[in-house]
Amino acid sequence: MENDEESYNFCKNLPKIELHAHLNGSLSASILQKLGCSSEDILGYQKLTQQVFAQEKRLQECFSLFKIAHNSTNNRKAVYEATKYVVEEFRADNVIYLELRTTPRREENMTKIDYIEAVVKGIQDAQEGIITKLLLSIDRGHDLKTSEESMDAIIKMKKKYPSIIKGVDFCGNPNVGSFNCSLFKQARDNGLFVTLHCAEVKNNSEVDQILRFEPDRIGHGTFIHPKYGGFQEGWTLYKQKIIPLECCLTSNVLCGTVQCYKEHHLQEWIKNSLPFSLCTDDKGVFGISLSKELALAKKYFELSREHLWKITYDTVDYSFASNEEKKTLKEILEKWKLKNLF
Ligand SMILES: CNc1ncnc2c1ncn2[C@@H]1O[C@H](COP(=O)(O)O)[C@@H](O)[C@H]1O
Ligand SMILES: [Zn+2]
């Protein structure tokens, strides 16, 4: 039986695929410092990791923390630098393929188009040893007019950067707003992949709507299985649709939407051989890395090294990379397996 350190080293060494990472939630303390954020704000930004809040308050608290990151990325230069640093940190963790997502934001001296341009430039300037794609998010808390404006900007920019901008995401505080099917249909009709945060809190009617929409992937998926507060018809529907899940273990534990790692709904996916990938969500806010998330999954769900490798290998298929890129990623993983697992 290997110890935690051996397990972590294995996970760190494994070439990894990250499919669910929010740019502003991924800013580490050191990135925030480089962006000029005060030490006090940096401490505040990571206060969920200190486990000081009651379980039912943690998700709400989490959404107030993003303001700290947003204050540090309120101009084009900072957005560009933040993107570059985040990609570099994922690369340093041995992530070879990254799908970074972010919500286009207008600020005093920055339009949503400027924001997207700055992120794309950051990605282009940090291409060494990593393939990075961009997903653009629609915040569920925004009104329809704002969301439509964002979607117009997203579609326009997808046409300009088709090899980088691959999809759209639906995110934000799950206790506010609602899913707008026609908005995301517009994205799909314009050649964008769609991934939707789904069932991060209990909302059976939205789960039903989202599953019927058939997104390419869903994020979290906590309250789908009846054991976790979902409804039987929802779980049955999910099992019919079989949509890959972006699983964010620590995010769910620290936000209090699951009790603990051991009790995480991932076990239902493992038990039923349903597709999933392991992701960080907000590595800065939660003080984690993808290697740590893999090591946690290994520990709490008693996964073998081969199984972790296979999860990573299968994740390539759930990505929005081109067929050629998928082939390259699989070759890297196959070679790595021959060298490290036999
Ligand atoms: C913890 N679970 C979560 N559930 C839902 N949305 C989340 C999230 N974590 C992050 N975000 C979304 O990502 C934004 C920050 O990155 P960007 O400014 O877009 O780069 C947050 O404001 C929120 O809308
Ligand atoms: Zn998320």
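Note that ligands are numbered from 1 as they come in the structure, with each ligand's atoms numbered from 1 the same way. None of these values were measured; they are calculated from a predicted model.
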Within-4.5 Å side-chain heavy-atom neighbours: [X] and [Y]:
X: D314; Y: Y318; answer: yes
X: N173; Y: Q60; answer: yes
X: N175; Y: F63; answer: no
X: E233; Y: D208; answer: no

Hey, what polar pairs (N/O, under 3.5 Å) does ligand 1 make with protein?
residue	atom	partner	partner atom	Å
ligand 1	2 (N)	E200	OE2	2.7
ligand 1	2 (N)	D281	OD2	3.3
ligand 1	4 (N)	E200	OE1	2.7
ligand 1	4 (N)	E200	OE2	3.3
ligand 1	6 (N)	G172	N	2.9
ligand 1	9 (N)	D282	OD2	2.7
ligand 1	13 (O)	H22	ND1	3.0
ligand 1	18 (O)	N24	ND2	3.0
ligand 1	18 (O)	H70	NE2	2.7
ligand 1	19 (O)	T103	N	2.9
ligand 1	19 (O)	T103	OG1	2.6
ligand 1	20 (O)	N24	N	2.9
ligand 1	20 (O)	N24	ND2	2.9
ligand 1	20 (O)	T102	OG1	2.6

Six-ring centre of F213, K185 cation under 6.0 angstrom, axis tolerance 45°: no
Geometric cation-pi criterion K299 and Y8, 6.0 Å radius, 45° cone: no
Residues K298, E2: salt bridge by 4.0 Å N-O rule: yes
Whether Y313 and W309 hold their rings parallel, tilted or perpendicular, with breakpoints at 30° and 60°: parallel
Atoms (protein N, O or S; no water) under 2.8 Å from the Zn ion (ligand 2): 4
Ring-ring centroid check F10 W336, cutoff 6.0 Å: yes
